[in-house]
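Below you'll find the structure, written out as structure tokens, and then a few comments.
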Amino acid sequence: MSYKETLNLPKTNFPMKANLPLNEPRFLRYWEEINLYKRLLEKNRGKEVFILHDGPPYANGDIHLGHTLNKVLKDIVVRYHLMNGFYAPFVPGWDCHGQPIEYEVEKRLDRPKAEIPRDQFRQRCRDYARVFIERQKEEFKRLGILGDWENPYLTMDPAYEATIIRIFGRMYFRGLVYRGLKPIFWCYHCETALAEAEIEYHDKKSDSITVKLAFDDNPWEEENVFLLIWTTTPWTLPANVAVALHPEANYSLIEFGKEKYLLAEELSRKLFPNSRSLKVVKGQELEGRKVSHPVFDEKNSLVVTAPFVSLEHGTGIVHIAPGHGEEDFSLKDKFNLEVVMPVDNSGKFTVEAGKYSGMVIDEANEAILNDLEKKGLLLRRDSIVHSYPHCWRCKKPVIFRATKQWFLSMEKGDFRQQVLNLIPKVKWIPLWSINRITAMIKERPDWCLSRQRSWGVPLPVFYCQNCQEEVITENSIEAVATLFENEGSDSWFKKEADEILPEDFACPKCGNRSFEKEDDIFDVWFESGSSHEAVLKTRSDLRWPASLYLEGSDQHRGWFQTSLLVSVAANNKPPYQAVLTHGFTVDDKGRKMSKSLGNVVDPLDEIKRVGADVLRLWVVSSDYSKDAAASSEILDKLGEVYRRFRNTFRFLLGNLYDFENSQAVPYENLLELDRYALLRLNRVVAQVNKAFENYRFHRAYKILLNYFTNDLSGFYLDVIKDRLYVSEKDSIARRSAQTVLLEILLTTVKILAPFIPFTAEEVWFNLKPDFKKECESVHLSDWPSPVSAYLSPILERRWDVILALREEVFKKLEEARTDGLIGNSLEAKVVLEVNQKDLDFYREIIPLLEEVLIVSRVEVRLAGEELEEGEKIILVDKADGEKCERCWKYDRSVGKINPLKKVCARCIRVLNKLEGEQ
RNA sequence: GGGCCUGUAGCUCAGUAGGUUAGAGCGCACCCCUGAUAAGGGUGAGGUCCUUGGUUCGAUUCCAAGCAGGCCCA
């Protein structure tokens, strides 16, 4: 006969199989229906504010795993704060302007860009950005990211654009902004500036020349001494202002016929194998000397040193023209070099180039070489095939060319030092992050704010048509800002200067009233770097400064830095109180993800395969302070972890099917084991809370997983099955356990809610309304805090002993199992032989031990031999009596009371009661 | 090439303020159960703590160099 139907077995509709890809969208719809985000803010209105300010992703392409890592971490922070009673709005944003979108739109044009009016082109860029904003929005929502998705901030919003203008004005009036030269990629065929991404590298055959330059103030004892410079661009020689040596390298003065040459020692052996070295000096020693100019007799050239000088090609001495090279330009400040740039838009030399004026650089190349030859300065002329930048449109070689740009100065008004002083006021997580930002601020050059592109916010600068003065005044700034606020920045391209400026606006310098508009737009980093101002200060529900910025470590150069610079320049304060940095996503071998390696994990695929909650579990299981490794195998393993959490919830739910709040047992009346379970729960809550406070989510994850595995599945839930299933439904033994089960369930489902919001909500759905205290969503519930009343050192010490004993007994039971003595542990009887002093303790807890060890009987007796205190001998034997067909325990009473029923005395009592009820 | 960071079991992570046999969860192997069942339980095997030097009575831990990888520069 089966007694199964007389047991209280678990019942629940919570399925074992999650089918997250199919079910998660249901919860998304539900959250939208109940307007969860708004409700959460309502709940905490007026409470302490916590602002996590979202760093805007670029509005291009689908989200990848890096976005996933970033936004899930943010979401956990936000949800944690919301459940903890903080007013924690989360306004997501997008970075909308910029070259990549412009490039994509340009690629899709059916006619040349020049034939399309600027505002129409910009409209296409705007449409393009919109498409991806909508796409990414849905993708982020699908990940379970909670936020104000109805009202995200966009850097292309008119109000946002207006803020950019006003901030620029503030920085300008503070004297931090100036106009200067800087070399950029330039295609003189298309007559346009090019961005890095518009450059293709192809092999090109170039001249490779070695030029002799005499020392102006010959420091050598020898006569006829020349320094040998090497270059592949003779046409840049008119712009020469310096020659650079490597500071650490050795330079050798060698004898060649009647002349003596100076060049890098290791290269001299290659170029002049049979020559004699007269002297060797370090590059450093020659710094500050002057040599004759390669082109203009009346000028000279300064000897400088630079670590980028190559000792692999040429002579180890390079010609420096800050107007035509980025590296060359970088030496400008250190050596106070002039930026000479005698080339116009079409690649023609200007009057500045003297006799070469009017020549296109290619013709000039020949002329310059001829002149060098005539003067006897051209030592060698070869050609070289090297990788050289080419224009993506016309495919012709491009040049580097200095043009007028707008800069934020790091030095004016002691700005750099001001920023450096403010860095320590921010909390940087992890700690090393402060070193990185500090080093970068220390070293960074002036910030070039201007770009020669179409898709962005125009620089609000006017130029007087009469005196050429650059005009930026309070009035002009406000006029532009207001215009952008009302009509967006496209209006800049639709209107003439006089339509934008106030009516009787006159040049402050000459009084003239006609102006031209600046053609350049802002660097997009300036736009995103202004977000704290454009978003936090303009929305009534937000607050400046932000409580936290949370981004990948690359943002030390990017957003962390640009935001800091903008904020200090405009407000004299950092825009954030704390900055949290995370690593990058890599594959399971620690390598970066790339299509060519074939190791890319696509979050959208994984959502369809394993679900967002499993993906979120991956985020949480990774230590974000280093790189996060992902692969489908790693995610599969997290699927296993997920099932542990899920099945435990299922068990908890199943055993509460007949429980009501009114049946809860007061703490004082709980069985000891159940009180101990509450104690453990509270230890876990305390540990988890500490981990959350320090943003150590992977620690919280581990604590919880260990708790579910060891404390719950491996111990408490396993042990109390007997009580739950076998005892009378309404017995105190059962209700005591259920009381604690409910507490465990409610506590853990809340704590796990930020990690796995979908599953937590699914659990919540399966809870009786009675348990939920009218919370329609687990996310609207309050975060659990530890209950100190549940902690008891005495109880804890007692159970340390019991659990240690349990471990020892389990080893013995396993031996018995291997020997074939028992199978199920209920087939066993455990005999403990102990020291006289321990006898009472163990005798007293025999019933507890029988339950905790899940054996049919425990006997305790005095050991026959001498034992130390605490020492014991554990014996395992087959249990006496017969197996009770109801509770499966072995007992001598089985079949004794009623020979027809093979059940034990305890079960008879329950059965009689049940029959009596019927 | 430079700055910052990372490197502990197959995987994800603890840990050692320098000191007996370096831990956990997962995975794996073997076993039990069949009343959490495409579940649950038990036991166990896995480690030159990246490498090499140095400091020390003693180094996975401190120092230096190197290797591998990541981010940012050049």
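Throughout, a chain's letter reflects where its sequence line sits, starting with A, and its residues are numbered from 1.
- Dashed line: the shortest gap from a side-chain N or O of A/Tyr725 to OP1 or OP2 of B/rA36 is under 4.0 Å.
- Between A/Arg817 and the phosphate of B/rC30, there is no side-chain N or O to OP1/OP2 separation shorter than 4.0 Å.
- Contact between the side-chain N/O atoms of A/Arg644 and the OP1/OP2 oxygens of B/rG41 is found at a separation under 4.0 Å.
- Closest-nucleotide positions on RNA chain B for A/Thr818 and A/Arg886 were compared, and the one nearer the 5' end corresponds to A/Thr818.
- Here A/Leu705 lies in heavy-atom contact (under 4.0 Å) with sugar-phosphate atoms only.
- Comparing B/rG70 with B/rG54, their C1' atoms are spaced 29 Å from each other, to the whole Å.
- At a threshold of 4.0 angstrom between heavy atoms, the contacts of A/Gly654 with the nucleic acid are absent.
- To the nearest whole angstrom, the two P atoms, one in B/rU60 and one in B/rU52, are 10 Å apart.
- As rounded to the nearest Å, B/rG10 and B/rG47 have C1' atoms that lie 12 Å from one another.
- Within the 4.0 angstrom heavy-atom criterion, base atoms lie near A/Lys4.
- Look at CZ on A/Phe755: it is 14 Å from C1' on B/rC13, rounded to the nearest Å.
- Among the nucleotides B/rC71, B/rU43, B/rA24, the one closest to the side chain of A/Asn710 is B/rA24.
- Here, B/rA24 and B/rG15 have their C1' atoms 10 Å apart, quoted to the whole Å.
- Between A/Arg557 and B/rC71 there is no side-chain polar atom (N or O) within less than 4.0 angstrom of OP1 or OP2.
- Among the atoms of the strands shown, only primed sugar atoms or phosphate atoms (P, OP1, OP2) are found under 4.0 Å from some heavy atom of A/Lys626.
- The residue A/Trp618 sits apart from the nucleic acid: no heavy atom pair falls under 4.0 Å.
- Heavy atoms from other residues, nucleotides or ligands lying under 6.0 Å from CG of A/Asn13 number 12 at most.
- For the pair A/Ile720 CD1 and B/rG40 P, the computed distance is 16 Å after rounding to whole Å.
- Annotation: B/rU48 and B/rG66 have their P atoms spaced 25 Å apart (nearest Å).
- Figure legend. B/rG18 is base-paired to no nucleotide; pairs are counted as Watson-Crick or G-U wobble with both atom distances under 3.5 Å.
- Looking only at atom types and distance, the side chain of A/Asp587 has no donor-acceptor partner in the side chain of A/Ser631 under 3.5 Å away.
- When the P atom is used for both B/rA65 and B/rG25, the distance is 39 Å, rounded to whole Å.
- Between A/Phe400 and A/Phe185, the gap from one ring centroid to the other is short of 6.0 Å.
- The neighbour count for A/Lys729 NZ, taken as heavy atoms of other residues, nucleotides or ligands under 6.0 Å away, is above 12.
- Scanning atom types as modelled, one donor and one acceptor separated by under 3.5 angstrom connect the side chain of A/Arg436 and the base of B/rC71.
- RNA chain B is contacted by both A/Gly583 and A/Pro10; A/Pro10 maps to the nucleotide lying nearer its 5′ end (nearest heavy atom per residue).
- For A/Tyr549 and A/Trp559, the ring centers are positioned less than 6.0 Å apart.
- If you check B/rA24, B/rG69, B/rU43 against the side chain of A/Arg591, the one that comes closest is B/rG69.
- The CZ atom of A/Phe810 sits 8 Å away from the C1' atom of B/rG41 (whole-angstrom rounding).
- Among the heavy atoms of the strands lying under 4.0 Å from A/Asp623 are primed sugar atoms or P, OP1, OP2 only; no base atom is included.
- Separating the P atom of B/rG58 from that of B/rU20 is a span of 16 Å, rounded to the nearest Å.
- Base orientation of B/rG58: anti (glycosidic angle beyond 90° from 0).
- With a cut-off of 3.5 Å on both pairing distances, B/rG46 has no Watson-Crick or G-U wobble partner at all.
- For A/Glu640, whose side chain is taken as the heavy atoms from C-beta onward, the closest listed nucleotide among B/rG27, B/rC31, B/rA36 is B/rG27.
- Figure legend. B/rC11 is base-paired to B/rG25; pairs are counted as Watson-Crick or G-U wobble with both atom distances under 3.5 Å.
- As rounded to whole Å, 13 Å separates atom C1' of B/rG27 from atom CD1 of A/Ile634.
- Within the 4.0 angstrom heavy-atom criterion, base atoms lie near A/Lys721.
- Using a 4.0 Å heavy-atom cutoff across all strands shown, A/His698 reaches sugar-phosphate atoms only and no base atom.
- In the model, A/Thr305 has no side-chain atom that pairs as donor or acceptor with a side-chain atom of A/His246 under 3.5 Å.
- Nearest heavy atom pair, residue A/Ile874 against residue A/Leu832, reads CG1-CD2, 3.8 Å.
- The nucleotide whose nearest atom lies closest to any side-chain atom of A/Asp718 is, among B/rG10, B/rG41, B/rA36, B/rG41.
- Taking the six-membered ring for Trp and the full ring otherwise, the centers of A/Phe708 and A/Phe651 sit at least 6.0 Å from each other.
- Put simply, NZ on A/Lys592 is 7 Å from P on B/rC72, counting in whole angstrom units.
- Here the C1' atom of nucleotide B/rG70 and the CG atom of A/Asn599 are 13 Å apart, to the nearest Å.
- As a whole-Å value, the separation of A/Asn70 CG from B/rC71 P is 16 Å.
- Listed candidates were B/rG70, B/rA39, B/rC72. Nearest to the side chain of A/Asn647 is B/rA39.
- Among the atoms of the strands shown, none is found under 4.0 Å from any heavy atom of A/Arg646.
- Comparing B/rA36, B/rC72, B/rA38 by their nearest atom to the side chain of A/Ser713 picks out B/rA36.
- Under the Watson-Crick or G-U wobble criterion, with both distances below 3.5 Å, B/rC4 is paired with B/rG70.
- The distance between atom NZ of A/Lys883 and atom P of B/rG35, rounded to the nearest whole Å, is 9 Å.
- Within the shown strands, nothing qualifies as a pairing partner of B/rA59 under the Watson-Crick or G-U definition with both distances less than 3.5 Å.
- If you check distances only, the side chain of A/Lys702 does reach the base of B/rC13 with a donor-acceptor pair under 3.5 Å.
- Here the options are A/Lys690, A/Gln687, A/Arg683, A/Arg696, the test is side chain to side chain contact (heavy atoms under 4.5 Å, CB included), and the partner is A/Ile703; only A/Gln687 passes.
- Taking the C1' atom of each, B/rU61 and B/rG44 are spaced 29 Å apart, rounded to whole Å.
- Among the protein residues, A/Gly714 comes within range of the sugar-phosphate backbone only, with heavy atoms under 4.0 Å from sugar or phosphate atoms but none that close to a base.
- Between B/rG40 and A/Arg643, no contact under 4.0 Å exists linking OP1 or OP2 to a side-chain N or O.
- Among the atoms of the strands shown, none is found under 4.0 Å from any heavy atom of A/Glu815.
- In this structure, A/Trp888 packs face-to-face on the six-membered ring of B/rG35, meeting both the 5.5 Å centre cutoff and the 30° plane limit.
- Counting only heavy atoms from C-beta on, A/Glu827 has its side chain closest to B/rC33 among B/rC31, B/rG70, B/rC33.
- The base of B/rA74 does not come close enough to the side chain of A/Ser330 for any donor and acceptor atom to sit less than 3.5 Å apart.
- Side chains of A/Thr581 and A/Tyr624: a donor-acceptor N/O pair is absent below 3.5 angstrom, by distance only.
- Of the candidate nucleotides B/rG25, B/rG42, B/rC72, B/rC72 has the atom nearest to the side chain of A/Met440.
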